[in-house]
Amino acid sequence: MLQVQFIRQNPDLVKKRLAIKQFKEIGLVDQVVNLDDQRKKLQVENDNILAQINSNSKEIGQLMAKGEKDKAEMLKKLVASLKSSLQPIGEQLAATEKILQEALVKIPNLPSGKVPPGRSPADNELVRESGSKPVLPSGALPHWDLAAKYNLINFDLGNKITGSGFPVYVNKGAKYQRALIQYFLDFNTAAGYTEYLPPFMVNESSAFGTGQLPDKEGQMYFVNEDHLYLIPTAEVPVTNIYRDEILKEKDLPVKMTAYTPCFRREAGSYGKDVRGLNRVHQFDKVELVQLVHPDKSYEALDGMVEHVGKLLGSLNLPFRILKLCGGDMGFTSALTYDFEVYSGGQDKWLEVSSVSNFETYQTNRMKIRFRDSNGKNQLLHSLNGSSLALPRILACLLENYQTENSIQIPAVLHAYFGITEIR
RNA sequence: GGAGGAGUGCCAGAGUGGUUGAAUGGGACGGUCUCGAAAACCGUUAUACGGGCAACUGUAUCGAGGGUUCGAAUCCCUCCUCCUCCGCCA
């Protein structure tokens, strides 16, 4: 969430930037400022009464020690009346803080100055295109047909065991997943990221920290009995590793990578973009997370984009990088680059990675800070990106590497997979 | 799941109702000393939200949240986590 102090100091800038994000409830900005004014006033009153109660209580202790019971009794009465006058103020203060917090979490992150205006995906800015579309044999198949032809993925079986959107990977299809995960993790650790294998369920605090809660409950699977959420991305548990921590400047940047399955209810998505592996409820992903000095986060973002680009390049997949426009960005992001890979069998671009800088939006919720050279605690910037989301990568690898009667395996994966083609 | 024990500052650890934000030791940092270092000695060493131009100052926080009390790290309740034993189990 945004820092109240920043909103107070720059209300007009905040409103202007929120408009770029197509945010409708601009009124919340003034509301937050007003509520914070109220909060301050109430806190002063509240603290003053508490101070009186505290000092009188101390005196009672001293009087009792001296045996001056009568005076002590009088003071007790005084404190009792102070307490009754405190009660309504305390309640008002708590209520105001609650409303303030509720308003604050409804305000999305501000888009950085680099974000192009625009309302929809059509307004996203093409940054770079790399590689060339494959020349496929006539009668080239989409991945769901290839998956059936070579017995790699069984969608019907998933329907039977669980439901739609839970594919079962079979035989070489299963091993392909494993090879990709291993390759991605090795690629990331070689670049200095520390590997983690976090829990696949998180508590409410963690889900709040990265911005999934409140409001996006509907997109997560929830285990009612234990009050836990299945993670929609490794970003959630991994970023929360440093929740409530104050880091040393010399330990920056923190670079982490993790493989996890991801669980998404994808409520409200229908249509043909859900075919095959294009949109599923459970999928594998390797994620990158960085916590960096606020002065260096855009440099770090460029570095992550570069890193993911290299990874895709190593697989010889044609891809393009889009800078998301204000209207298409996520709630918590300040700047996002999407990677899309060309899917030869479907003749369309599939999003396989999203790399974002969240600046202090998440770290303010999680209180992830560092001690700067002046000894002051400052919020870090958090960033994350996929490297990569498996299903769509697999879809593109199957489609783009198909021949008449085989699927070739990219050279960098031969060692991981143990074979050079699927027949 | 059952029974018992425990959760205090960066760490260890004291503290069972009254100047305790918290003894003591260690660590870290700064200083003195030294050519430099070690040792020794001195000092500093939580966070958040407020008030004040500032010096400074108020409040809250001893796993979390409630409660009792004039006053809670200390008493009570709920929850969480850890340890020991039993049960179950990959």
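Keep in mind that the numbers below use all heavy atoms, side chains included, and drop hydrogens, waters and symmetry copies. Letters A, B, ... mirror the listed sequences (proteins, then strands); counts begin at 1. Keep in mind that what you see is a predicted model, and the values were worked out from it rather than measured.
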Check: Got a minute to check which stems RNA chain B is part of, using Watson-Crick or G-U wobble pairs under 3.5 Å, three or more consecutive?
Finding: B:1-7 with B:80-86, B:10-12 with B:24-26, B:27-32 with B:40-45, B:46-51 with B:56-61, B:63-67 with B:75-79
Next item on the list: Using the P atoms only, state how far B:rG67 lies from B:rG71, rounded to an integer number of Å.
Entry: 12 Å
Nucleotides 71-75 of chain B: which of its N/O atoms have a protein N/O under 3.5 Å away?
{"unit_1": "B:rG71", "atom_1": "OP1", "unit_2": "A:Lys83", "atom_2": "NZ", "d": "2.7"}
{"unit_1": "B:rG71", "atom_1": "O4'", "unit_2": "A:Ser57", "atom_2": "OG", "d": "3.4"}

Item checked: From A:Ile89 atom CD1 to A:Lys41 atom NZ, the distance as rounded to the nearest 0.5 Å -> 11.0 Å
Grab the N/O contacts between the protein and nucleotides 48-51 of chain B below 3.5 Å, and write none if there aren't any.
{"unit_1": "B:rA48", "atom_1": "OP1", "unit_2": "A:Arg369", "atom_2": "NH1", "d": "3.0"}
{"unit_1": "B:rC49", "atom_1": "O3'", "unit_2": "A:Arg39", "atom_2": "NH2", "d": "2.8"}
{"unit_1": "B:rC49", "atom_1": "O2'", "unit_2": "A:Arg39", "atom_2": "NH2", "d": "2.8"}
{"unit_1": "B:rC49", "atom_1": "O2'", "unit_2": "A:Gln43", "atom_2": "OE1", "d": "2.6"}
{"unit_1": "B:rC49", "atom_1": "O2'", "unit_2": "A:Gln43", "atom_2": "NE2", "d": "3.4"}
{"unit_1": "B:rC49", "atom_1": "O2", "unit_2": "A:Gln43", "atom_2": "NE2", "d": "2.9"}
{"unit_1": "B:rG50", "atom_1": "OP1", "unit_2": "A:Arg39", "atom_2": "NH1", "d": "3.2"}
{"unit_1": "B:rG50", "atom_1": "OP1", "unit_2": "A:Arg39", "atom_2": "NH2", "d": "3.0"}
{"unit_1": "B:rG50", "atom_1": "O5'", "unit_2": "A:Arg39", "atom_2": "NH2", "d": "2.7"}

Next item on the list: Could you tell me whether A:Leu50 contacts a base, only the sugar-phosphate backbone, or nothing, with contacts defined as non-hydrogen atoms closer than 4.0 Å?
Entry: sugar-phosphate
Check: Run the side-chain contact (heavy atoms from CB on, under 4.5 Å) check on A:Leu110 and A:Lys21 step by step: do they pass?
Finding: CA-CA 8 Å; A:Leu110 303 182; A:Lys21 233 177 184 179; over 6 Å; no
Margin query: For A:Asn56 and A:Gln52, find the nucleotide of RNA chain B closest to each by heavy atoms; which residue's nucleotide sits nearer the 5' end?
Written below: A:Gln52
Next item on the list: May I have the distance from A:Gln62 (atom CD) to B:rU20 (atom C1'), rounded to whole angstrom?
Entry: 14 Å
Check: If you measure from the P atom in B:rA22 to the same atom in B:rA60, how many Å do you get, rounded?
Finding: 14 Å
Checklist line | Distance in angstrom units between A:Lys248 NZ and B:rG27 C1', rounded | finding: 10 Å
Next item on the list: Please tell me which of A:Lys77 and A:Gly61 maps to the more 5' nucleotide of RNA chain B, matching each residue to the nucleotide holding its nearest heavy atom.
Entry: A:Gly61
Margin query: Between B:rG7 and B:rA73, how far apart are the two C1' atoms, rounded to whole Å?
Written below: 12 Å
Check: If the C1' atom of B:rG4 is compared with that of B:rU8, how far apart are they to the nearest Å?
Finding: 22 Å
Check: When we call it a touch if two heavy atoms are under 4.0 Å apart, what does A:Leu78 touch: a base, just sugar-phosphate, or nothing?
Finding: nothing
Next item on the list: Quote, to the nearest angstrom, the P distance that separates B:rC62 from B:rC10.
Entry: 13 Å
